[in-house]
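All chains are named by letter (A, B, ...) in the order of the sequence lines, taking the proteins before the strands, and each is independently numbered beginning at 1.
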2 protein chains.
Amino acid sequence: MAEKLDEMDRRILRALQIESSRSQRALAEDVGLSQNALWRRLKALETSGVIKGYTARLDREAAGASLVVFSMVKTRRHSADWLRSFRAHLESIPEVVSLYRISGDFDYMLKIVTHDIAGFDRVYQRVTEKLELEAVTSYFAMEAMIEDRPIPL
Amino acid sequence: MAEKLDEMDRRILRALQIESSRSQRALAEDVGLSQNALWRRLKALETSGVIKGYTARLDREAAGASLVVFSMVKTRRHSADWLRSFRAHLESIPEVVSLYRISGDFDYMLKIVTHDIAGFDRVYQRVTEKLELEAVTSYFAMEAMIEDRPIPL
DNA sequence: CCTGAAATCTTACGTAA
DNA sequence: TTACGTAAGATTTCAGG
C-alpha cells in the first residue's frame with residue numbers, strides 16, 4: 001500500500017491532474033505505455049489511495065461563487081474536546097472549503113467561498129457565534145491570479 | 001454563454017464535484033433525469049465553460065507533497081509592468097499553486113505546496129530573488145483539517 | 001426509447017529487465 | 001520476480017437518432 005511512486009506513476013498523475021477525461025489509449029500513448037499497462041497502474045493508484053477520485057473542475061465565478069475570503073483565526077481555548085467541536089462545527093459549513101492549523105501568530109486559517117459579501121457575512125456569523133475566538137483577521141480576495149493548480153510532482 | 005444555472009444544473013455540478021467518474025446512467029438517476037437529458041445538460045455546461053474539465057483528486061501526502069505554506073506578501077512596487085512580471089514569475093513556479101491579490105495589510109497571498117522544508121526554501125528563494133518585496137510572512141500548515149472541498153452551489 | 005460505435009475491463013500468454 | 005506488450009473477448013458507456 002505504501003510503495004513509492006516511480007517516474008511513470010508521476011507522469012500518469014501529472015497527466016490526470018491536467019485532464020482526466022481522456023481515453024486510456026490517448027493517455028497511455030502520452031506517457032509511453034500500452035493501454036493495458038496503463039490500466040494496471042491506474043487501478044493500483046486508485047486502490048492504494050493515491051488517486052482519491054475524479055472530479056469536475058468548475059469555473060468558480062461562472063458557478064456563482066464569486067467571493068473568496070481567507071480568515072486567520074486565533075483561538076482562546078485549546079483542549080482536545082474544544083478542538084473536536086471546532087472541527088465539527090466548521091465541517092458543517094460547506095462554504096468553509098479549507099481549514100489548516102498553522103504556525104505563527106494565528107492558530108487556524110480558513111478559506112471561505114461564497115456568492116457575495118452577504119453570504120460571507122452569514123458564514124462569518126455562523127463561524128463565530130458558537131466558538132470563543134480571540135481574534136479573526138479576514139483578507140478578501142480582489143483577484144484570483146492563480147487558482148488551485150495541480151499538485152507539483 | 002451566460003445563461004443562469006437552474007437547480008438541476010446545480011444538482012449535476014454538485015454530484016460531479018463529488019465524483020465525476022460515475023456513468024451517466026447512475027448520475028442521471030441520482031439527479032432525476034434520463035441519461036439522454038443529462039448528456040445534453042453536460043454538453044451545455046462543458047461548452048459554456050462552467051465545467052472547465054475533469055481532474056484526478058490526489059492524496060497530497062501520498063503523492064509526496066507533504067508541506068503546505070501560506071505566504072502573505074507586501075510589495076514595494078505597483079506599476080502595471082511590474083505586476084505583469086510578478087505574475088509571470090510566479091506562474092513559472094509550479095509549487096505556487098494559488099495566488100490571490102487581497103485586501104488588508106498585505107497585497108498578495110500565495111499558497112505553496114512542496115515536498116519538504118528544503119523544497120519550500122528553494123521556492124522561497126526563487127520567489128524573492130527576482131522581485132522587490134517589502135515584506136513576506138509565511139504560515140506553515142501543521143495540519144490540513146479540511147482541504148479543497150467542493151465549491152458550494 | 002433504441003442503437004451503432006467506442007471505451008473499459010478482464011484474461012491469457014509471451015517477453016524483457 | 002516484476003513489469004510490459006499483444007491480443008481477443010465480454011461488458012459498459014457514450015453520443016446521438
A.B. asks: Measure CG/D9(A) against C1'/dA3(D) and give the value in whole Å, please.
C.D. replies: 11 Å
A.B. asks: With a non-hydrogen cut-off below 4.0 angstrom, is S23(A) in contact with a base, only sugar-phosphate, or nothing?
C.D. replies: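 S23(A): backbone/sugar contact only, no base atoms under 4.0 Å.
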A.B. asks: Nearest 0.5 Å, please: how far is CG in L13(A) from CZ in R41(A)?
C.D. replies: 10.0 Å
A.B. asks: Calculate the interatomic distance between E29(B) atom CD and dT12(D) atom P; express it in whole Å.
C.D. replies: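 That distance rounds to 16 Å.
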A.B. asks: Please state how far atom CZ in R22(A) lies from atom C1' in dT13(D), giving the value in whole angstrom units.
C.D. replies: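 Nearest whole value for this atom pair: 19 Å.
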A.B. asks: Tell me the interatomic distance from E46(B), atom CD, to dG16(D), atom P, rounded to whole angstroms.
C.D. replies: 11 Å
A.B. asks: Report the distance from atom CG of L33(A) to atom P of dA16(C), rounded to the nearest whole Å.
C.D. replies: 18 Å
A.B. asks: Once rounded to the nearest 0.5 Å, what's the spacing between atom CD of E129(A) and atom NE2 of H89(A)?
C.D. replies: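 NE2 of H89(A) is found 5.5 Å from CD of E129(A).
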A.B. asks: Please compare Q35(B) and Q24(A) by the position of their nearest nucleotide in DNA chain C and report the one closer to 5'.
C.D. replies: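 Mapping each residue to its closest nucleotide by heavy atoms, the 5'-most match is Q35(B).
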A.B. asks: Does M8(B) CE have over 12 foreign heavy atoms under 6.0 Å away?
C.D. replies: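 Yes, CE of M8(B) has more than 12 neighbouring heavy atoms, counting only those of other groups under 6.0 Å.
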A.B. asks: Would you kindly compare L42(A) and N36(B) by the position of their nearest DNA chain C nucleotide and give the one closer to the 5′ end?
C.D. replies: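 Per heavy-atom nearest nucleotide, the more 5' residue is N36(B).
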A.B. asks: From CZ of R25(A) over to P of dA6(C), roughly how many Å is that when rounded to an integer?
C.D. replies: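 Taking atom P of dA6(C) as the reference, CZ of R25(A) is at 11 Å.
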A.B. asks: Look at the side chain of R41(A) and decide which nucleotide, out of dA3(D), dA15(D), dC9(C), has an atom nearest to it.
C.D. replies: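 The listed nucleotide nearest to R41(A)'s side chain is dA3(D).
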A.B. asks: Please assess S138(A) against S71(A) for the test side chain to side chain donor-acceptor pair (under 3.5 Å), listing each intermediate value before the final yes or no.
C.D. replies: CA-CA 4 Å; S138(A) 291; S71(A) 293; 2.8 Å; yes
A.B. asks: From dC9(C), dG5(D), dC14(D), pick the nucleotide closest to the side chain of W39(A)?
C.D. replies: dC9(C)
A.B. asks: Return the value, rounded to whole Å, for the distance between atom CG of L38(A) and atom P of dA3(D).
C.D. replies: 15 Å
A.B. asks: With a cut-off of less than 4.0 Å, is there a side-chain N or O of K43(A) near OP1 or OP2 of dT10(C)?
C.D. replies: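 Indeed, a polar side-chain atom of K43(A) lies that close.
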A.B. asks: Look at atom CD of E61(A) and say whether more than 12 heavy atoms of other residues, nucleotides or ligands are closer to it than 6.0 Å.
C.D. replies: yes
A.B. asks: Can a donor-acceptor pair under 3.5 Å be found between the side-chain atoms of R40(A) and the base atoms of dG5(D)?
C.D. replies: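 Answer is yes: a donor-acceptor pair is held.
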